[in-house]
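Take a look at the structure set out below.
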Amino acid sequence: MPETRRLLEAANALSVTLRTQGVPHAFYGSVFVALLTNSPQADEIFCIVEGGSVHPFRRVRQALAGTADLSVTPSPWSDRLHVKYHRCIPAIEVSTPFYVRRNLAVALMETCYPIRTFVVQIEILAAGESGPRRLDALTVAAVSRVPFLTTSEFVRAKLNAWMMLGTRRADIVFILCRYWNGIDINRIPEHDMDRFVEVVRAAAPGWAAIKRKYGM
């Protein structure tokens, strides 16, 4: 499972490039929960991108053209787009200790560890299809200086994915129960959440607390 700090580094690199090109975007996925809980590992990260008059995938490809650390990997047969972040960890040179050199009667030796590379893959999603249609101050908040969906939009996006694909439930339960007071019920499809709570009873206290807050 990838390290959270590596995912955050990749997200920051992609964010800086998109922001420089004026492309509205926000990240979400299990990495968001990992940041909130200080978990060292996370296994999921997405980047939602606004399109406007140009399709989000095309905006990303144009923004990343010529970048050294970021590359685009299209999947035409599945209508998906991924960005890969490549970063090399420099080799480490270690001098042999003096007493070793003396005892072995050898000249100064250098040991050079191989260069290591880590790769992080981020899937690009179109705003409106996944997440809110507009990515602005109402739907996006900075976490560790990287734009992420707000808790309300995170739950909405995760709930939508669960309804369509039956994806992971734990992230929804965690945010719903821990951060219920900051969730805008107007952004949560009530029927879908009621269905979710029927299946995942652990989410019931958080959903009930939100309803009480809004007098429902």
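These numbers were taken from a predicted model, which means no experiment stands behind them.
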- [ ] Spell out, as yes or no, whether a donor-acceptor pair under 3.5 Å connects the side chain of Thr20 to the backbone of Val16.
- [x] yes

TODO: Report the C-alpha separation of Asp136 and Val140 in whole Å, then their side-chain angles, then the decisive distance to 0.1 Å, and conclude whether the side chain to side chain contact (heavy atoms under 4.5 Å, CB included) test is met.
DONE: CA-CA 6 Å; Asp136 52 31; Val140 178; over 6 Å; no

- [ ] Please collect all ring pair (Phe, Tyr, Trp, His ring centres under 6.0 Å) contacts where either partner lies in residues 127-148, sequence neighbours excluded, each pair once.
- [x] Phe32-Phe148

TODO: Applying side chain to side chain contact (heavy atoms under 4.5 Å, CB included), run through Asn160 and Asp192 and close with a yes or a no.
DONE: CA-CA 8 Å; Asn160 183 55; Asp192 292 351; 5.6 Å; no

TODO: Can you measure from CG (Leu8) to CG (Leu35) and round to the nearest 0.5 angstrom?
DONE: 5.5 Å

Open item on the list: A quick test of your reading: do over 12 heavy atoms of other residues, nucleotides or ligands sit less than 6.0 Å from CZ of Arg195?
Closed with: no

- [ ] Examine distances only and state if a side-chain atom of Thr4 and a backbone atom of Ser39 form a donor-acceptor pair shorter than 3.5 Å.
- [x] yes

Task: Cluster overlap Val199 with Val197, hydrophobic side-chain contacts below 4.5 Å - done: yes

Open item on the list: Quick one: does any side-chain atom of Ser144 pair with a main-chain N or O of Val146 as donor and acceptor, under 3.5 Å?
Closed with: no

Open item on the list: I'd like to know whether NZ of Lys213 has more than 12 heavy-atom contacts from other residues, nucleotides or ligands below 6.0 angstrom.
Closed with: yes

TODO: Under the salt bridge (Lys or Arg N to Asp or Glu O under 4.0 Å) rule, collect the residues that match up with Arg5, sequence neighbours excluded.
DONE: Glu3

Task: Heavy-atom closest contact (Ala157 atom, Leu149 atom, distance) - done: CB-CD1, 4.2 Å

Task: Heavy-atom check, side chain of Thr37 versus side chain of Phe174, under 4.5 Å - done: yes

Open item on the list: Taking the basic N atoms (NZ, or NE/NH1/NH2) and the acidic carboxylate oxygens, is any pair closer than 4.0 Å for Lys158 and Glu44?
Closed with: yes

Task: Residue pair Leu125, Tyr28: steps toward the side chain to side chain contact (heavy atoms under 4.5 Å, CB included) verdict - done: CA-CA 10 Å; Leu125 302 174; Tyr28 100 106; 3.9 Å; yes

TODO: Measure across Phe196 and Ala203 and return the closest heavy-atom pair with its distance rounded to 0.1 Å.
DONE: CE2-CB, 3.6 Å

TODO: Compare every heavy atom of Val120 with every heavy atom of Arg6, then report the nearest pair and how far apart it is.
DONE: O-CG2, 3.9 Å

Task: Asp69 side chain near His86 side chain, heavy-atom distance below 4.5 Å - done: no

Task: Residue pair Met216 / Ile185: nearest heavy atoms and the distance that separates them - done: SD-CD1, 3.2 Å

Task: Step-by-step side chain to side chain contact (heavy atoms under 4.5 Å, CB included) determination, Val173 to Trp207 - done: CA-CA 9 Å; Val173 174; Trp207 184 228; over 6 Å; no

Open item on the list: Minimum heavy-atom separation for Leu70 and Leu14, please, with both atom names.
Closed with: CD1-CA, 3.9 Å

Open item on the list: If you define the side chain from C-beta out and look only at heavy atoms, does anything of Pro189 sit under 4.5 Å from Leu159?
Closed with: yes

Open item on the list: Do Val23 and Thr17 have side chains that approach each other closer than 4.5 Å (heavy atoms only, starting at C-beta)?
Closed with: no

- [ ] Compare all side-chain heavy atoms of Val49 with those of Pro24 and state whether any distance is below 4.5 angstrom.
- [x] no

Open item on the list: For Leu135, is there any backbone N or O sitting under 3.5 Å from a side-chain donor or acceptor partner on Glu50?
Closed with: yes

Task: Beyond-backbone contact of His25 with Pro147, side-chain heavy atoms, under 4.5 angstrom - done: yes

TODO: Hey, could you give me the OG/CE distance between Ser130 and Met164, rounded to the nearest 0.5 Å?
DONE: 6.0 Å

Task: N/O donor-acceptor pair under 3.5 Å between Arg156 side chain and Arg187 backbone - done: yes

Open item on the list: Contact between Tyr85 and Ile122 at the side-chain level, heavy atoms closer than 4.5 Å - yes or no?
Closed with: no

TODO: Determine, for Asp194 against Lys211, whether the closest basic-nitrogen to carboxylate-oxygen distance falls under 4.0 angstrom.
DONE: yes

TODO: State, without any angle test, whether Ser30 and Asp43 hold a side-chain donor-acceptor pair at a distance under 3.5 Å.
DONE: yes

Task: Pairwise side-chain contact, Tyr179 with Leu36, heavy-atom cut-off 4.5 Å (strictly under) - done: yes

Open item on the list: To check you understand the geometry: which heavy-atom pair defines the closest contact between Leu7 and Ile45, and what is its length?
Closed with: O-CD1, 3.8 Å

Task: Spatial distance of atom CD1 (Ile210) from atom CD1 (Ile188) [nearest 0.5 Å] - done: 6.5 Å

Open item on the list: Using 0.5 Å steps for rounding, measure from the CD1 atom of Ile175 to the CZ atom of Phe154.
Closed with: 5.5 Å

Task: Nearest-0.5 Å distance, CD of residue Gln121 to NE2 of residue His82 - done: 4.5 Å

TODO: Spell out, as yes or no, whether a donor-acceptor pair under 3.5 Å connects the side chain of Thr73 to the backbone of Leu81.
DONE: no

Open item on the list: To the closest 0.5 Å, what do you measure between OG1 (Thr139) and CZ (Arg133)?
Closed with: 12.5 Å

Open item on the list: Please enumerate all residues that pass ring pair (Phe, Tyr, Trp, His ring centres under 6.0 Å) together with His55, with sequence neighbours excluded.
Closed with: Phe57

